[in-house]
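Written below as structure tokens is the structure these notes are about.
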Protein chains: 2
Amino acid sequence: MTTKIIAASPSPAPTRRGRGRPQSFDRAQALCTAMRLFWDRGYDGTSFDDLTAAMGISASSFYNAFGSKESLYQEAIAAYLKLVGTWFSTILDQPTDTRTAFAHLLATAATEFTRTDLPTGCMIAAAATQCPPTQARLRDLLATQRTQSETALVTRLRQGQQAGDLPPETDIDSLAAYYSALLRGMALQARDGAPRERLQAIAHIAMHAWPTPPQTTAPATP
Amino acid sequence: MTTKIIAASPSPAPTRRGRGRPQSFDRAQALCTAMRLFWDRGYDGTSFDDLTAAMGISASSFYNAFGSKESLYQEAIAAYLKLVGTWFSTILDQPTDTRTAFAHLLATAATEFTRTDLPTGCMIAAAATQCPPTQARLRDLLATQRTQSETALVTRLRQGQQAGDLPPETDIDSLAAYYSALLRGMALQARDGAPRERLQAIAHIAMHAWPTPPQTTAPATP
DNA sequence: TTATTTTTGTAGTCATCGCTCCATAAATCC
DNA sequence: GGATTTATGGAGCGATGACTACAAAAATAA
């Protein structure tokens, strides 16, 4: 066995030192390029030639390094999730009160969805929602990711409910679905070219739907 | 000139009585079939063979009747808009108060997006938001439709503002963007399989963001 | 040096894509 | 009936899709 000092990577080795001819390109950078392409044009809209041209590698290098277009896409999704996690999960994990966390989440989404150094919107929010039966695998993969992010919202809201940030009668699942739908809608608006301020305004309005304890209409108990 | 008793159709004749061999299929029905396919699988995801097979016609009949895949898609969009207009425009045109109209709009969207006799969600909401540069025409066409529906919301909100249903300082454009984003998000959730009740809950929560006049914190004027 | 391992470049494969050609069929007009 | 017009059936076309075969290149191991 060779010395494995650096932590083993999940599936594809990051920068292996081995026997054969060394790779002539930066795998991580090529993956990043692919992610941007997929993000911008979708899976179908990004052809094999588009990919190899943008990545600057040949077909054989492509298949040697990434296996297939579909597996590259899966890696691109993973890379995107890592990128988004830096704000999405981070904000949800912050020990602030729940309302503040969600306001922060929406506000950050508004800025992230309109970054000029990346494609606008979200790579996953609307991907493969209209696709042929032959792409059922892809559709399910993306739907799963979306479910997971909504589940993260549910988890955070439940924590908040436990902490007393939300009325105990609040329908957490529906509230999470509301914010999930809104975030996805914001991502679509961003892709259609909505400016950052517009998204921020949406985020601001959306927070007015935050649940309030039921007003005690009868002010006094006899 | 032949007798044209029935009102002339915009571009393609509906059921013209002419000289040559009669069409062997129902054009409107074939268009409806195509609309459903495009709605379900998107433009790229619906192949030429998918279309001709589902419509039950040959390639020559297809091109003779519809010109090209793209022009059929445009007709399908038009057919879809006519279908959606039966509730979308209708509700906005009703002489109810603005808040009621929007609540009704969202509630109806929840039921329409989850109809079992049609594909779920919306055909246009997320279409061609991730596509190659070669499909810029299609992307722009759909973006235009989305802009128009958001403009319809703006128009209705302005009417409401004039009528006193909304505070005069309300940011109408942002409020319309909020509801537009929400509707698009609901459509996406529907496509991912969210049940009708879930969408209705989202719609209900969303209405809590409806603007209220600024509270006069000072109860009395000296 | 030689053997082994891995990557690369070039060319080519096979299926599918949207679309077209053309002879023929089926209607109307004269 | 004959001419004209329009639709259909069937075969096929060029382009592009994702992917593969194979030999040469460039590294390490013995």
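In what follows, chains are A, B, ... by sequence order, proteins preceding strands, each numbered from 1.
Rounded to whole Å, the distance from CZ on R21(A) to P on dA29(D) is 18 Å. Rounded to whole Å, the distance from CZ on F48(A) to P on dG12(C) is 17 Å. One interatomic measurement links the two molecules: CZ of R27(B) to P of dT8(D), which rounds to 11 Å at whole-angstrom precision. The separation between L37(B) atom CG and dG18(C) atom P is 12 Å, rounded to whole Å. Spacing between atom CD of Q23(B) and atom C1' of dT28(C) amounts to 16 Å, rounded to whole angstrom units. We find that CG of D26(A) is positioned 16 Å from C1' of dT7(C), with the value rounded to whole Å. If you measure from atom NZ of K69(A) to atom C1' of dT16(D), you get 12 Å, rounded to the nearest angstrom. To the nearest angstrom, P of dT13(C) lies 17 Å from OH of Y63(A).
Within the structure, every side-chain polar atom (N or O) of S60(B) is placed at least 4.0 Å from both OP1 and OP2 of dG9(D). One finds a side-chain N or O of S24(B) lying less than 4.0 angstrom from the OP1 or OP2 phosphate oxygen of dT8(D). Taking 4.0 angstrom as the limit, S58(B) places a side-chain polar atom (N or O) nearer than this to OP1 or OP2 of dG9(D). Residue S47(B) places at least one side-chain N or O under 4.0 Å from the OP1 or OP2 atom of dC17(C).
With hydrogens and angles ignored, the 3.5 Å screen pairs no side-chain donor or acceptor of R191(B) with any backbone N or O of Q130(A).
Atoms CD1 and OH, on I205(A) and Y179(B) in that order, are 8.5 Å from each other to the nearest 0.5 Å. Between F66(B) atom CZ and M55(B) atom CE the span is 4.0 Å, to the nearest 0.5 Å.
Comparing A59(A) and N64(A) along DNA chain C, the residue whose closest nucleotide (by nearest heavy atom) sits nearer the 5' end is N64(A).
Using a 4.0 Å heavy-atom criterion, one finds that T46(A) contacts the sugar-phosphate atoms exclusively.
Here dC17(C) is the nucleotide among dG9(D), dG9(C), dC17(C) with the atom lying nearest to any side-chain atom of D49(B).
Taking the six-membered ring for Trp, F48(B) and F62(B) have ring centres closer than 6.0 Å.
Residues F102(B) and R156(B) are in side-chain contact: their nearest non-hydrogen atoms beyond the backbone lie under 4.5 Å apart.
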